[in-house]
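Report on one structure; see the data block that follows.
Naming: A, B, ... by sequence-line order, numbering from 1 per chain.
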Amino acid sequence: MVDAGTKKTLASIPLLKTKAGPRDKDLWVTRLKEEYSALIQYVEMNKSQDNDWFRLESNKEGTRWFGKCWYVQDMLKYQFDVEFDIPVTYPATSPEIALPELDGKTAKMYRGGRICLTDHFKPLWARNVPKFGIAHAMALGLGPWLAVEIPDLINRGVVVYKEGGGGPVTSS
Amino acid sequence: MTESLENLREKIASLEKELQQEKERNDSFKKREKIAEMSSEVVDSNPYSRLMALKRMGIVENYEKIRDYTVAVVGVGGVGSVTAEMLTRCGIGKLLLFDYDKVELANMNRLFFQPHQAGQSKVEAAAGTLLAINPDVQFEVHNYNITTVDNFDHFMNRISKGSLTEGPVDIVLSCVDNYEARMAVNRACNELNQTWFESGVSENAVSGHIQFLVPGETACFDCAPPLVVASQIDERTLKKDGVCAASLPTTMGIVAGLLVQNVLKYLLKFGVVSSYLGYNALLDYFPSMVVRPNPTCEDNWCRRRQQEYAAAEAVRATQAATAAPQPQQQEEAVTHEDNSWGICLVDETPTEPRTDPAGGTSPVTPPGAVVGGLAPGIRVAYDRPAADGAEDDSDNRGAVGSSAPPAPDVTLEELMATMKSL
């Protein structure tokens with residue numbers, strides 16, 4: 001249901017413990033700390049494996065997230081804005097990750113640029129409440145989506161490389 | 001220069017004239033006046049005559065009561081818009097509409113919206129059309145996403161204070177197209193102890209369902225994984241490449257019809273309200289069942305409502321036991337003085353149970369899932385782990401992380417700063 005690579009990535013992201021959503025006040029702060037710790041660890045691991053592919057930050061309540069993600073093809077870096085809200089029912093329901101600038105450019109999207117996840121994602125998320133967090137949603141949801149959709153969009157000429165827009169391909 | 005100014009003046013004059021004509025034409029459209037009281041008079045100018053006839057025919061005892069009721073429709077898409085139109089035409093008292101979306105040309109395979117409305121917010125466009133159809137109905141529209149923190153509080157407030165008498169609405173109808181929004185409606189209704197209906201159409205457009213939810217008494221939406229009507233197609237052969245969802249005006253119209261039919265039965269107290277009714281379009285099969293709540297439901301409010309319901313039931317049982325037994329009313333046999341034609345009533349109700357057309361889709365009941373089992377042809381979308389928190393094997397769960405949890409002494413601000421500096 002999930003390929004070996006994704007599985008390995010998932011296994012290295014810390015699991016979360018606190019079952020709390022944005023309406024849970026103090027418990028949500030605890031959950032948010034777990035979210036940030038897992039994300040930091042995931043990004044650092046990506047960097048160490050020369051596979052750095054996103055940055056995220058949130059408002060101070062941790063209810064609205066935004067950042068960038070990028071995809072490298074033929075030594076060219078294609079960069080996109082990422083955004084999503086944490087729903088009131090989180091973590092029982094996953095965040096709906098959106099790439100607004102690609103809205104209307106691919107059928108694998110719902111309105112507003114929300115990515116269309118595979119049939120596997122929701123069952124997998126549901127089975128892992130509350131252990132999965134934002135880092136898992138990125139690894140299981142957005143990562144595989146970019147890997148399938150962006151090459152196709154580039155191929156069809158819908159996404160074109162922007163000089164300087166994405167900055168140089170970095171390796172750390 | 002002066003000449004071009006003159007030209008512009010002429011152009012303005014001609015446009016003004018055109019605008020005036022257009023306005024006059026619009027004014028000539030006859031707007032229907034408000035009607036103070038529903039009349040059962042059968043004249044072609046009475047929009048309620050055929051509805052009030054339900055009383056004369058003995059189907060509904062007091063049809064006018066519909067004007068006292070308030071219904072909240074969450075999601076004004078393929079199902080919600082048709083639902084709102086049906087309720088408007090039935091003369092409902094007040095409608096609250098919630099949706100954050102805009103009308104698009106891609107919606108035109110569904111009913112209700114028209115191409116000229118493209119770009120307008122769905123709730124504004126709907127309220128405009130519906131008010132013209134029936135000006136007796138009050139509309140309150142909210143153009144936002146109910147699942148975000150800020151909007152959710154407002155949504156809860158409107159559900160609990162949005163009725164004609166500024167109390168809770170009489171029923172909430174979920175006509176949304178995604179799990180997140182359904183879970184948000186579920187959460188709100190459990191907290192507010194609000195009776196509601198869930199409705200939905202599958203992404204392959206060939207099945208749908210409605211479900212009646214009374215907090216504590218019936219299963220809530222979170223009591224089990226989502227229920228799906230088995231489509232009779234091998235799901236693996238479904239091609240999902242390239243598109244997220246298909247839709248048909250037929251399936252959506254049918255589901256809206258089933259939904260509003262049950263809403264009318266519930267509000268006007270006639271017939272039997274379905275607890276769960278599925279629709280399999282490929283076989284024209286309508287499985288139905290009662291879904292009982294899950295005592296270990298993940299939703300705290302659901303568990304609390306279940307306790308309240310059990311306590312109330314216990315009180316009812318004791319009261320019934322102490323009350324004097326009612327003498328059974330004898331049903332009198334109808335006898336006619338003469339029956340020269342030998343006419344008699346024949347019971348046409350089939351006695352044979354419906355066979356299971358789903359052909360061996362045996363209902364699976366995973367731990368902590370639907371209590372009481374599922375009707376043939378209905379299954380859960382996926383399994384959940386056992387409610388006691390026992391781990392499935394890691395293979396089945398997809399992944400198990402192993403790393404240490406975050407250090408508790410780091411503040412959130414420090415973590416945010418670290419993330420930013422990466």
Side-chain angles (χ1 to χ4, degrees), chain A residues 1-2 6-7 9-17 19 22-23 29-30 32-34 36-41 43-44 47 55-58 60-64 85-89 92-94 96 106-112 116 118-120 122-124 126-129 131-132 136 140, chain B residues 100-102 104 106 145-153 155 177-184 186-188 222 225-226 235 238 240-245 298-299 381-385 392 394 396-408 410-416 418-420 422:
Chain A
M1 95 197 274
V2 178
T6 311
K7 216 165 180 172
T9 310
L10 274 183
S12 63
I13 303 173
L15 293 175
L16 285 67
K17 281 181 173 168
K19 192 187 166 203
R23 294 174 73 232
V29 177
T30 312
L32 211 48
K33 282 165 77 172
E34 295 175 12
Y36 266 102
S37 299
L39 276 165
I40 290 165
Q41 196 165 322
V43 170
E44 278 173 345
K47 285 171 89 169
R55 282 294 179 282
L56 278 177
E57 57 184 296
S58 72
K60 70 176 195 307
E61 294 81 18
T63 53
R64 178 146 190 83
D85 287 302
I86 298 293
V88 285
T89 45
T93 63
S94 61
E96 295 183 276
T106 158
K108 292 269 195 78
M109 256 182 182
Y110 298 106
R111 56 178 181 252
C116 187
T118 66
D119 287 346
H120 304 311
K122 279 187 179 166
L124 194 57
R127 273 194 285 272
N128 287 284
V129 174
K131 296 175 201 148
F132 276 8
H136 300 88
L140 265 173
Chain B
Y100 69 95
D101 215 1
K102 286 193 166 74
E104 287 173 7
N145 177 356
I146 63 156
T147 71
T148 65
V149 184
D150 301 340
N151 297 334
F152 187 73
D153 285 343
F155 172 66
D177 62 358
N178 64 87
Y179 180 66
E180 291 72 20
R182 286 189 174 93
M183 287 284 278
N186 186 61
R187 183 73 55 90
D222 203 10
E235 302 280 337
L238 272 182
K240 282 195 77 176
D241 296 342
V243 275
C244 293
E298 288 284 320
D299 191 298
Y382 44 79
D383 298 343
R384 277 178 180 175
D392 293 3
S394 62
N396 200 14
R397 295 171 73 84
V400 165
S402 52
S403 316
V410 187
T411 69
L412 181 59
E413 288 71 27
E414 284 168 331
L415 286 166
M416 283 178 167
T418 314
M419 184 73 194
K420 236 178 168 164
L422 281 172

| request: Just do the salt bridge (charged side-chain N to carboxylate O under 4.0 Å, His left out) check on Arg111(A) and Asp177(B) with the steps written out, would you? | output: CA-CA 11 Å; Arg111(A) 56 178 181 252; Asp177(B) 62 358; 3.3 Å; yes

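- Heavy atoms of Glu61(A) lying under 4.5 Å from chain B are absent altogether.
- In this structure, the side chain to side chain contact (heavy atoms under 4.5 Å, CB included) partners of Ala106(B), at least two apart in sequence or on a different chain, are Glu104(B).
- Taking OG of Ser37(A) as the start and CG of Leu412(B) as the end, the distance is 9.0 Å to the nearest 0.5 Å.
- Glu57(A) is linked by a side chain to side chain donor-acceptor pair (under 3.5 Å) to Lys420(B), counting only residues two or more places apart in sequence or in another chain.
- To the nearest 0.5 Å, atom CE of residue Met419(B) and atom OG of residue Ser58(A) are 9.0 Å apart.
- Scanning both residues, Ala126(A) and Tyr382(B), for their nearest heavy atoms gives CB-CE1, 3.2 Å.
- Under the 4.5 Å side-chain criterion, counting only non-hydrogen atoms from C-beta, Arg55(A) is in contact with Leu422(B).
- Note: Thr93(A) leads Val29(A), Leu56(A), Thr93(A) in heavy-atom pairs under 4.5 Å with chain B.
- Here CG of Asp85(A) is found 5.5 Å from OG1 of Thr148(B). Values are rounded to the nearest 0.5 Å.
- In this structure, the portions of Ala184(B) lying under 4.5 Å from any heavy atom of chain A include both its backbone and its side chain.
- Taking a cutoff of 4.0 Å between a charged side-chain nitrogen and a carboxylate oxygen, Lys60(A) and Glu413(B) do not qualify as a salt bridge.
- With contacts defined as side-chain heavy-atom distances shorter than 4.5 Å, the pair Val149(B)/Arg64(A) does not qualify.
- Within a 6.0 Å sphere centred on NZ of Lys122(A), heavy atoms belonging to other residues, nucleotides or ligands number more than 12.
- Rounded to the nearest 0.5 Å, atoms CE (Met183(B)) and OG1 (Thr89(A)) are 5.5 Å apart.
- Proximity to chain B is absent for every atom of Thr9(A), based on heavy atoms less than 4.5 angstrom apart.
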| message | I'd like to know whether Lys33(A) forms a side chain to side chain contact (heavy atoms under 4.5 Å, CB included) with Thr411(B), so could you lay out the CA-CA distance, the side-chain angles of the two residues, the decisive distance to 0.1 Å, and finally the verdict. | response | CA-CA 8 Å; Lys33(A) 282 165 77 172; Thr411(B) 69; 5.7 Å; no

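- Put simply, CG on Leu415(B) and CG on Leu32(A) are 9.0 Å apart, with the number rounded to the nearest 0.5 Å.
- Ranked by heavy-atom pairs under 4.5 Å with chain A, the list Glu414(B), Arg187(B), Met416(B), Glu180(B) is led by Glu180(B).
- For Asn145(B), no part sits under 4.5 Å from any heavy atom of chain A, backbone or side chain.
- Taken from OG1 in Thr147(B) to CD1 in Ile86(A), the straight-line distance is 10.5 Å, to the nearest 0.5 Å.
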